[in-house]
Every structure is written in structure tokens, then in C-alpha cells.
Amino acid sequence: MAQGPAAGPGLRDLALARSLTFGTAVRSEKLESDPLLSTLVAREAELLVPEWEGKWDVLQPERGRFEFGPLRAVLRFAQANRQRVRGHALLWHEAMPAWLAPALQEGQAQAQQILETHIVTVLGETRASIRDWDVVNEVISAPPGGDNPSPTTGDLRPSPWLSALGPGYVERALRIARQADPTLRLTFNEFGVYSDTPWAQMKRERLLRVVRGLLDRNCPLDAVGIQGHLQMREPFRAEPFVEFLTALRGMGLAVLITEMDVREPDVLAPTLEARDAAVAEYAGAFLQASRDGGARTFLVWGMTDRDSWLLSDPGVARRDGQATRGHPYDSELRPKALRARLAQIFSS
Ligand code: XIL
């Protein structure tokens, strides 16, 4: 199979024909340095999300000094290719610049000021170009089981934000965002809520409880993003997941898949073809259930195996040295079975 976009219509056009949106995470420096990748992204994606350019450590590397250069590079690429961009993430316990955690300990009033300055400044910058932001990312705590090193009983994970501002910080961030940009779509983004395991079920319950509490207090919130970092060693069953999405939609929220990629099981199938078929089957079941549950926007966390965080990030890379096959295109930018499955789901 040749390198580059699969023959026939791009995923963005297939999805649009069904009023769906397909997109991917991108890194600005790769778009600039890798013409084959940028051609692929231009053809396949309708929606882009910056993989790191919208995070705190990039946007505010020093207290009070904002750096929008890398984010603007993504926005320029999107504009040139008539793509939309979603933002990620206004509040997260990772990608915090070194100054931030100590500064948050200066007292609640200071912490509140820091949060507000960041959100207001960033949304002021992106008002014309980004209409959907992950306002809070990964705030739900990990229940016992699975990979979770430090399970807790509270619904919110322990974090510098929780320590500084107390459990009201989620609501506070959402309210600041709504006030700063009243028509922005406010998204609550979370991982680890898709599989048919007791801990994912518990996390779904925690998320529903937190979101219901926010809405009961008339806190602004428009959407829940399901990251979808899939793990094939976890069983998946459509029914509980569709039920979860349906419950969210019943609260008037949109649901979207924000970061799909696939981690394969410990024991791999003997050939690349068989591995790719298994990835496509597992992810396909997840995508179909997402569609059935009312998701209309689907993003992958990278189009190709070449630059994936599943290669470079020690926390998620395979320990046996095998490269990931968890994206729609391989490391030579050839389309795989997952790309075909996406096309099929968007065409049905
Ligand atoms: C990841 C990036 O892909 C990596 O390059 C970086 O080292 C760490 O962050 N959930 C999220 C994303 O919300 O921001 C993470 O992105 C992947 C998990």
C-alpha cells in the first residue's frame, strides 16, 4: 500500500456527509516539518486539537508571561486547510509549569486569581478561532483496580487544584470560562470511563455524580469529552457504555470522543495484519457504540503510529519494545484496517 492518504474520499468528507465530525490531535512542529503528515492531516481531519500547545506549561511558562506562538501555528495550519480547532486544556493536574503548584499554595484568593487570569487571557486570545475548549481535564478520581496506583474514595482526584481551591474548583473554572466567552462550548474531558470493568463502571458513576451536581447548581456545562485511550486487555461491551452516554445526553449534554487511540494486549497476534485487524475490531466496537450513544464528533490522538505518545511516553509505551499499531496509519503513513473501519463507520 502506498504512503499517504487512503484512496477515495477523506474521513473528514465521509463524516461530514453524515453530519459527523472527524479530527485528530496534532503537534505544530510535526505539521511544519513533515509534509507527508501535513498532507494527510489536511485531507483526513475536519477538526484539530493541539496535543500540547494549549496546555499550561506552553501557554504560561512563567507566571504572567503568556506564549501563544505554538498554538498560533496550529491555528494557521487549520485556517489554511479550512479546519476547525478545539482547545485542550484550561485546567489539568499535568503539564503544569514549575512555578504553578507552589504559587497555588499562596492561599485561596491567589489561587483563584491565577486560575481566572489564565482562563480569561487564553479565551481572550482564542475567542475568534476556538469555539470548544476542554475546560477541565481528568478531574475524576481513580477507583480501586486496573492500573490505578492511588485509588481514592472522593469523586475528585487529589491534585494541586483540589488542594488549593477545594472541590468547588471545577465549578469555578466553568463559571469563569462562561463569563469570559459566553457562547464557547464548555467541555468536561475524562479518561478511563469506557470499558466493561468494575473500576470503569465506578468511574462512570463518579463522573455522572459530579456532572449532575454541577448542573443542579446551574453551573454552565455543554459537553462531556470521552478521551477513548483504549486498552485491548480491558473487556468492552457496548451496553453499559451506551447507557452512560445516554444518561449524559439525558442531562442535555453533548458527548464527544476526544482522544481515541489503542493499546494492544500483552500477547500480540503473530502478524502485523492480524494485529491491525484486532485493533480495528476493538476500536470499531467502541466507535460504533459511541455513535449509537449519540456522539457526533470523533477525534483520534494522532493519525499515525510514527509520532504517537504511545511510542515516546514511558508511562504508556509498550515494555516489550514493540512499536504501537494503535492509530489509523502506520509509521510509514500507510492506511491500516483502523482507517478502513473509521471510513465504514462514517459511511453507514
Ligand atoms: C499527552 C501527550 O500526547 C504527550 O505527548 C504528553 O507527553 C503527555 O500528554 N490525556 C490527555 C492528553 O488529556 O493531554 C495527553 O496527552 C494524553 C492523555
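Every number for a ligand or one of its atoms is a count from 1 in the order of the listing.
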For F244, give me all partners under ring pair (Phe, Tyr, Trp, His ring centres under 6.0 Å), at least two apart in sequence or on another chain. none

Any residue meeting ring pair (Phe, Tyr, Trp, His ring centres under 6.0 Å) with W52, in chain and number order, not counting sequence neighbours: none

Contact residues of ligand 1 with a heavy-atom cut-off of under 4.0 Å? R27, E51, K55, H88, W92, N137, E138, Q227, H229, E259, W301, W309, D313

By the rule that ILVMFWY residues connect when side-chain heavy atoms come within less than 4.5 angstrom, directly or transitively, which residues belong alongside V316? L47, V49, L299, W301, W309, L310

Could you check whether H88 and W133 have their ring centres less than 6.0 Å apart? no

Testing L245, D222, T187, L215 one by one against L253 for a side chain to side chain contact (heavy atoms under 4.5 Å, CB included), which residue passes? L215

Taking the six-membered ring for Trp, are the ring centroids of Y194 and H229 within less than 6.0 Å of each other? no

